[in-house]
Amino acid sequence: MPFSQQPVQQPAENKPDASSTLMGDYTVKKDISEMSLAFVGAGKMAQAMAKGFLAAGVVKADHITATAPSCRSQPTLEDIGCQFTHNNKEAVENSDIIFLSVKPHILPGVLQEIAPVVTKRHLMVSVAAGVPLQFLEEKLPPKSRVMRVMPNTPCVVRQGASVYVPGSHVEKEDSEIIKSLLSSLGYCSESNEGMISAVTGLAGSGPAYAFTAIDALADGGVKMGLPRELSIKLAAQTLLGASKMVLETGKHPMQLKDDVCSPGGTTIYAIHKLESGGFRNLLIDAVEGACLRAEAIAKKSK
């Protein structure tokens, strides 16, 4: 599908229309559905967010452009109505919100490439783990509107967990736009940059821990005689149901655990096995390991 330029509407001077608001000397659209989005980097996270936005109906498919040096992700994105290009600068020029969704080690080169076309019109949103706001702001033009976001892949089914951090020159309206977009994909909260590495270790990497747990539970079911397909569905639904109970009841997870553990019953025997194997310690170590890796990436960017 050829890349088509999205026209930029210029409101009358000092007379913003009903769908825009003046912020300093530039105009930002209020209606998110009319905004154009670019994903610079078209990997799994970009695809998950794009599909989530479309499923939520907050952005029009033809208002989303993704870029990548290869064509590997092109069919996936074009099949859902998004535009695809290899030209990062063109995508940025013709979009309002730019999600920087490339790997951390690739981001410096991408920032150098697109910096000449970034203006005050653009809201730059980085989803790259470990790359601090200061680095992003230094590599982009002065007073660029920059934010960091840590989403996770369940955004694709609108059950994501996301945290965003505003940069030095972000306006209140920018935060409201990003919060609205991310809230359409699941849970969303604003935080400070000092917590973003911990968020990465817990929520950003967390789906992988859950998928591993589902696979292990399913293996347990198969070992004890259940068909593989049934075992996977039972394991996945069990984790989904437990998660919803935590979120909807407001009870502490350990209280809910105790509710399942009848005296002398099967569950307390199973919990003993988990504790003997260091189950809780391993999960804590996993979050810590991912967090420390994110912090190490951040140090390299300084």
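Bear in mind the structure is a predicted one, so any value in this text is a computation, not a measurement.
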Would you name the heavy atoms of [X] and [Y] that are closest together and state the gap between them?
X	Y	result
E275	R280	OE2-CD, 3.0 Å
R121	N94	NH2-C, 3.8 Å
I97	L181	CD1-CD1, 3.8 Å
L107	A128	CD2-CB, 3.8 Å
S168	E137	N-OE2, 2.8 Å
Q47	A42	NE2-O, 3.0 Å

Are there over 12 heavy-atom neighbours, none belonging to [X], within less than 6.0 Å of that residue's [atom1]?
X	atom1	result
E176	CD	yes
H272	NE2	no
K244	NZ	no

Are the side chain of [X] and the backbone N or O of [Y] linked by a donor-acceptor pair below 3.5 Å?
X	Y	value
S191	V163	no
H122	I98	no
D174	E171	yes
N152	G160	no
T267	C261	no

Which pairs of donor and acceptor atoms, one on a side chain in residues 202-212, lie under 3.5 Å apart (sequence neighbours left out)?
| residue | atom | partner | partner atom | Å |
| --- | --- | --- | --- | --- |
| S205 | OG | T200 | O | 3.4 |
| Y209 | OH | G201 | O | 2.7 |
| Y209 | OH | A286 | O | 3.4 |
| T212 | OG1 | A208 | O | 2.8 |

A side-chain contact here means heavy atoms from C-beta on lying under 4.5 Å apart; do [X] and [Y] qualify?
X	Y	answer
V146	L140	yes
L185	P151	no
H169	P142	no
S36	D96	yes
T65	E90	no
S175	M147	yes
I114	L100	yes
L111	V118	no

Kindly work out whether a path of hydrophobic side-chain contacts (I/L/V/M/F/W/Y, heavy atoms less than 4.5 Å apart) joins [X] to [Y].
X	Y	result
M49	V58	yes
V260	L234	no
L182	V157	no
I284	L282	no
V287	V199	no

Give, for atom [atom1] of [X] and atom [atom2] of [Y], the distance between the pair rounded to the nearest 0.5 Å.
X	Y	atom1	atom2	result
F84	E78	CZ	CD	7.5 Å
K172	I177	NZ	CD1	12.5 Å
H63	S95	NE2	OG	10.5 Å
E138	L136	CD	CG	9.5 Å

Donor-acceptor pairs under 3.5 angstrom involving side-chain atoms of residues 246-253: please list them, not counting sequence neighbours.
| residue | atom | partner | partner atom | Å |
| --- | --- | --- | --- | --- |
| T249 | OG1 | M245 | O | 2.5 |
| T249 | OG1 | K251 | N | 3.2 |
| H252 | ND1 | M254 | N | 3.0 |

**OP:** Evaluate the salt bridge (charged side-chain N to carboxylate O under 4.0 Å, His left out) criterion for residues E190 and K179: first the C-alpha distance (whole Å), next the side-chain angles of each, then the deciding distance (0.1 Å), finally the verdict.
**Re:** CA-CA 8 Å; E190 181 175 352; K179 184 175 183 179; over 6 Å; no
Is the shortest side-chain N to carboxylate O distance from [X] to [Y] below 4.0 Å?
X	Y	result
D219	R228	yes
R148	E193	yes
K233	E229	yes

**OP:** If the plane angle is over 60° it's perpendicular, under 30° parallel, otherwise tilted; pick one for F53 and F99.
**Re:** tilted
Original post:
Stepwise, does the side-chain contact (heavy atoms from CB on, under 4.5 Å) test hold for L239 with L217?
Top reply: CA-CA 10 Å; L239 264 65; L217 287 169; 3.5 Å; yes
